Protein chains: 2
Amino acid sequence: MTQVRKRRPPATPKQAAGYCGPVDDSLDPVLFKALSDPTRKSLIACIAKCGRGCSVGEVAECCSVDFSVVSRHLALLARSGVLEAKKEGRTMYYRVRYAELCRSLRSLADALEECCPQAGAKGGACSNGKCC
Amino acid sequence: MTQVRKRRPPATPKQAAGYCGPVDDSLDPVLFKALSDPTRKSLIACIAKCGRGCSVGEVAECCSVDFSVVSRHLALLARSGVLEAKKEGRTMYYRVRYAELCRSLRSLADALEECCPQAGAKGGACSNGKCC
DNA sequence: TGCGTACTTGCGTCATGGTGCAAGTATTGG
DNA sequence: CCAATACTTGCACCATGACGCAAGTACGCA
């Protein structure tokens, strides 16, 4: 029961660096956090379907949450690189950054495949008994 | 490259319920939420670099958080479809579900491109003044 | 300059989630 | 059967974040 729980493992040099292959470079928590909220999902899908720049008011008509909530979500998505904001007069237009977003997603997929033993053929980088 | 993507179902009740094109089908908040935490990122990168199934203990040595935290994160990642769990004796091995993960990511990238006015050529689906 | 439109921001509330510790379960070996 | 190993779970704590309301700011127009 009260087994001597292994205290925090001593830091290794690799741990200090924290680098763990190409996946580290491509997996951006900020981006995926932006994509992880259902409300934001519907906003993105709305603008994507629209295929053009949409104003905050237009997007707000798509969903049931408060106007201010939509404004905040769109600003966050722009900060995360998912959307691009452009102000025209008093209207703020948001559009999806298709190219950049697709590149990020495919980049992560490529990085994962590079690690995959079956496909990448260079998997199993560590054979020291420990992981990383 | 140009694979045959499922076309957007025309004017179904689903649309009234907030359906907004192929992006809706591919953008899974649960998956992206799993990928949105920095600690989980390092765990995934660790296992990915390893290229094989890793035990909880092995992975725990990679990062500075408590053993129990690693256990919970790995279980969550398995529930989200990022990892696959296999128990052997008293050891639990987790490995990355490369194929499924890559498919999900590329599927979203494809869906976005399908909406992109430049590439997909079918953008601007809504011209009614309102968005969606 | 005053007013209406379009959006942003401050604030309080509430739910979710990440964390560590301790205790619990499951499996193996002596 | 007992003890050790490997992992899971209950609990409390605290930070983050999503939300609505209301007030504030920015811009265009008469």
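Quantities reported herein were computed from a predicted structural model and do not represent experimental measurements. Within every chain, numbering begins at 1; the chains are lettered A, B, ... in the order of the sequence lines, protein sequences first and strands thereafter.
Look at CE on B:M92: it is 12 Å from C1' on C:dT27, rounded to the nearest Å. The nearest whole Å value for the distance from the CZ atom in B:R72 to the P atom in C:dA23 is 15 Å. B:K41 has its NZ atom 16 Å from the P atom of C:dG18, to the nearest Å. Across the protein-nucleic acid pair, A:L43 atom CG and D:dC19 atom C1' stand 13 Å apart, rounded to whole Å. Distance A:E88 CD to C:dT5 C1': 16 Å, rounded to the nearest Å. Counting to the nearest Å, the C1' atom of C:dT8 and the CZ atom of A:R79 are 12 Å from each other. Rounded to a whole Å, the CZ atom of A:F67 is 9 Å from the C1' atom of C:dT8. For the pair A:L76 CG and D:dA18 P, the computed distance is 7 Å after rounding to whole Å.
Judged by distance alone, the side chains of A:T91 and A:S55 never bring a donor and an acceptor atom under 3.5 Å apart.
Heavy atoms of B:Y93 sit nowhere under 4.0 angstrom from any nucleic acid atom. Backbone-only contact: A:T91 has heavy atoms under 4.0 Å from sugar-phosphate atoms and none from a base.
Looking at the side chain of B:D66, the nearest of the listed nucleotides D:dC7, D:dA26, C:dC21 is C:dC21. Relative to the side chain of A:V69, the nucleotides D:dA18, C:dG17, D:dG20 differ in distance, and D:dG20 lies closest.
Between B:S71 and D:dT9 there is no side-chain polar atom (N or O) within less than 4.0 angstrom of OP1 or OP2. In terms of phosphate contacts, B:R90 brings no side-chain nitrogen or oxygen within less than 4.0 Å of OP1 or OP2 of D:dT8. Phosphate contact (OP1/OP2 of D:dC19, side-chain N/O of A:H73, threshold under 4.0 Å): present.
Between the side chain of A:S68 and the base of D:dC21, at least one donor-acceptor pair of N or O atoms lies under 3.5 Å.
A distance-only check finds no donor-acceptor pair linking the side chain of B:R103 to the backbone of B:Y98 [under 3.5 Å].
Remark: A:R52 engages A:E58 in a salt bridge, criterion side-chain N to carboxylate O under 4.0 Å. By the 4.0 Å N-to-carboxylate-O rule, A:R106 lies close enough to B:D110 to be salt-bridged with it. A salt bridge is defined here as a Lys NZ or Arg NE, NH1 or NH2 lying under 4.0 Å from an Asp or Glu carboxylate O, and A:E88 with A:K86 meets this definition.
Ranked by how close their nearest DNA chain D nucleotide is to the 5' end, B:A75 and A:S36 are led by B:A75.
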